[in-house]
2 protein chains.
Amino acid sequence: MKQIRPTESELEILGILWEKGPSTVREVHDILSQTKDAGYTTTLKLMQIMHEKELLQRDTSSKTHVYTAAISQQTTQQQLLNKMIDTVFGGSASQLVMQALGQHKSSEEELDKIRQYLSDMEKQQKKNR
Amino acid sequence: MKQIRPTESELEILGILWEKGPSTVREVHDILSQTKDAGYTTTLKLMQIMHEKELLQRDTSSKTHVYTAAISQQTTQQQLLNKMIDTVFGGSASQLVMQALGQHKSSEEELDKIRQYLSDMEKQQKKNR
DNA sequence: TGGCATTTACGAAAACTATCGTACATTTGA
DNA sequence: TCAAATGTACGATAGTTTTCGTAAATGCCA
């Protein structure tokens with residue numbers, strides 16, 4: 001599998017694009033600058049570099065270019081998770097899961113989704129026996 | 001809260017120290033070099049810098065210094081998780097949990113632990129109602 | 001049309017990270 | 001005792017990431 005390694009800043013931009021879909025530099029920058037202190041050209045440059053690295057696609061048909069994430073959120077999530085489980089959680093996925101549930105106060109609705117998910121996994125497993 | 005931002009390499013070293021407890025540079029380096037290709041002085045330098053940054057403590061009473069992680073595994077896990085949930089999982093902890101359970105083939109034992117954990121949370125919640 | 005605002009392009013500096021060579025100190029055991 | 005082995009200190013360099021200034025292109029509208 002091709003290992004992608006977006007930097008911290010690049011992940012922030014990807015996160016915005018995953019959430020909002022195709023966007024201009026201006027749109028991304030406006031969101032980014034709510035939590036971060038950097039000039040417009042900085043965001044622009046980052047996104048241009050990300051395009052070179054093929055982390056982003058862009059549509060240049062109009063003057064104001066429109067960027068889209070070129071790597072999937074799922075794949076990226078999986079790779080980051082795996083690395084994190086290995087280095088920070090001593091290889092234990094359940095450790096990570098419990099830590100995540102523990103603090104980041106999940107709503108009752110979210111917890112239900114997870115229970116549902118677990119029981120589905122269980123069924124699946126019995127079937128394959 | 002003080003935001004700590006260990007780099008990738010620093011996390012690898014912290015991971016080793018969390019697992020093995022107080023260790024010398026040599027011990028850390030021997031483990032590190034199983035999966036990574038870098039010279040001894042590189043590891044040394046990294047750990048010295050980490051000491052300056054107060055990521056590690058060290059005991060210099062004997063010639064061979066002994067290093068200890070100065071930040072807790074739990075705190076570090078929590079901070080990295082929170083950031084990851086925000087930037088990569090659109091703020092949804094349950095999304096992260098399901099993704100983690102999905103692929104990183106958890107053992108049946110691990111899944112049981114998590115079910116147990118969830119049902120404990122449930123009880124706790126009823127009690128507080 | 002002409003000028004202002006917005007955008008892209010580009011280069012370069014600044015900051016940070018990782019790597020290693022070399023010098024010096026300490027320990028050990030032949 | 002002294003040479004080899006092992007360890008720390010330190011500086012330099014290469015590589016990467018982040019930042020921004022400036023110039024050129026484009027579109028808009030008074």
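Naming: A, B, ... by sequence-line order, numbering from 1 per chain.
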- line: note: E52(A), atom CD; dA9(C), atom C1'; distance rounded to Å ~ 11 Å
query: To the nearest Å, how far apart are I49(B) CD1 and dC16(C) C1'?
result: 10 Å
Run the side-chain donor-acceptor check on residues 9-19 of chain A: report pairs under 3.5 Å with partners two or more places apart or on a different chain.
from: S9(A); atom 1: OG; to: K36(A); atom 2: NZ; distance (Å): 3.2
from: E10(A); atom 1: OE1; to: T7(A); atom 2: N; distance (Å): 2.9
from: E10(A); atom 1: OE2; to: K53(A); atom 2: NZ; distance (Å): 2.8
from: E12(A); atom 1: OE1; to: K36(A); atom 2: NZ; distance (Å): 3.4
from: W18(A); atom 1: NE1; to: I71(A); atom 2: O; distance (Å): 3.1

Single-linkage hydrophobic cluster L56(A)~L44(A), side-chain heavy atoms < 4.5 angstrom: yes
Any residue meeting side-chain contact (heavy atoms from CB on, under 4.5 Å) with Q95(A), in chain and number order, not counting sequence neighbours: F89(A), S92(A), M98(A)
field: In one Ile/Leu/Val/Met/Phe/Trp/Tyr side-chain cluster, 4.5 Å: I85(B), M84(A)
entry: yes
task: May I ask you to say what S9(B) touches in the nucleic acid, namely base, sugar-phosphate or nothing, with a heavy-atom cut-off under 4.0 Å?
output: sugar-phosphate
task: Go through the structure and list residues passing side-chain contact (heavy atoms from CB on, under 4.5 Å) with T60(A), not counting sequence neighbours.
output: R58(A), H65(A)
- prompt: Hey, does Q48(B) reach any base, or is it just sugar-phosphate, or nothing, if we go heavy atoms under 4.0 Å?
  reply: base
query: What is the distance, rounded to the nearest whole Å, between atom CE of M47(A) and atom P of dA9(C)?
result: 12 Å
task: List in chain and number order the residues that pass side-chain hydrogen bond (donor to acceptor under 3.5 Å, both in side chains) with T35(B), two or more places apart in sequence or in another chain; answer none if no residue qualifies.
output: none
- line: Expected string for nucleotides 23-30 of chain C under the B/S/- scheme (protein heavy atoms, under 4.0 Å, primed atoms plus P, OP1, OP2 as sugar-phosphate) is --BBS---
- prompt: Does any non-hydrogen side-chain atom of L101(B) lie less than 4.5 Å from one of Y117(A)?
  reply: yes
field: Atom-to-atom span, CG of L56(A) to P of dT8(C) - whole angstrom
entry: 13 Å
field: Whole-Å gap separating C1' (dA18(C)) and CD (E10(B))
entry: 10 Å
Relative orientation of the end axes in the helix from dT1(C)-dA30(D) to dA30(C)-dT1(D), expressed as an angle to the nearest 10° (five pairs per end): 10°
- prompt: Can you name the residues that form a side-chain hydrogen bond (donor to acceptor under 3.5 Å, both in side chains) with Q74(B), not counting sequence neighbours?
  reply: Q99(A)
- prompt: Under 3.5 Å, is there a donor-acceptor pair linking the side chains of Q116(A) and D112(A)?
  reply: no
- prompt: For S61(B), what residues pass the side-chain hydrogen bond (donor to acceptor under 3.5 Å, both in side chains) criterion, not counting sequence neighbours?
  reply: D59(B)
- prompt: Base, sugar-phosphate alone, or nothing: which one does R58(A) contact when heavy atoms must sit under 4.0 Å apart?
  reply: sugar-phosphate
query: Contact class for T64(A) (heavy atom, under 4.0 Å): base, sugar-phosphate, or nothing?
result: sugar-phosphate
- prompt: When clusters are formed by joining ILVMFWY residues with side-chain heavy atoms under 4.5 Å apart, either directly or through shared neighbours, do L55(B) and I49(B) land in the same one?
  reply: no
message: The criterion is side-chain contact (heavy atoms from CB on, under 4.5 Å); which residues satisfy it with E8(A), sequence neighbours excluded?
response: R5(B), K83(B)
- request: Whole angstrom is fine here: how far is it from NZ in K45(A) over to C1' in dA14(C)?
  value: 14 Å
message: Please identify the 5'-most and 3'-most nucleotides of DNA chain D with any atom under 4.0 angstrom from a heavy atom of chain B.
response: dT6(D) to dG11(D)
- prompt: With sequence neighbours left out, what residues match R26(A) under side-chain contact (heavy atoms from CB on, under 4.5 Å)?
  reply: T24(A), H29(A), D30(A), Y40(A)
task: Indicate if V25(A) and I31(A) have the same hydrophobic cluster label, given that clusters are the connected sets of ILVMFWY residues with side-chain heavy-atom separations under 4.5 angstrom.
output: yes
- prompt: T7(B) side chain N/O closer than 4.0 Å to the phosphate oxygens (OP1, OP2) of dT17(C)?
  reply: no
- request: Specify the residues of residues 18-40 of chain B, ordered by number, for which at least one heavy atom lies under 4.0 angstrom from an atom of DNA chain C.
  value: K36(B), A38(B), G39(B)
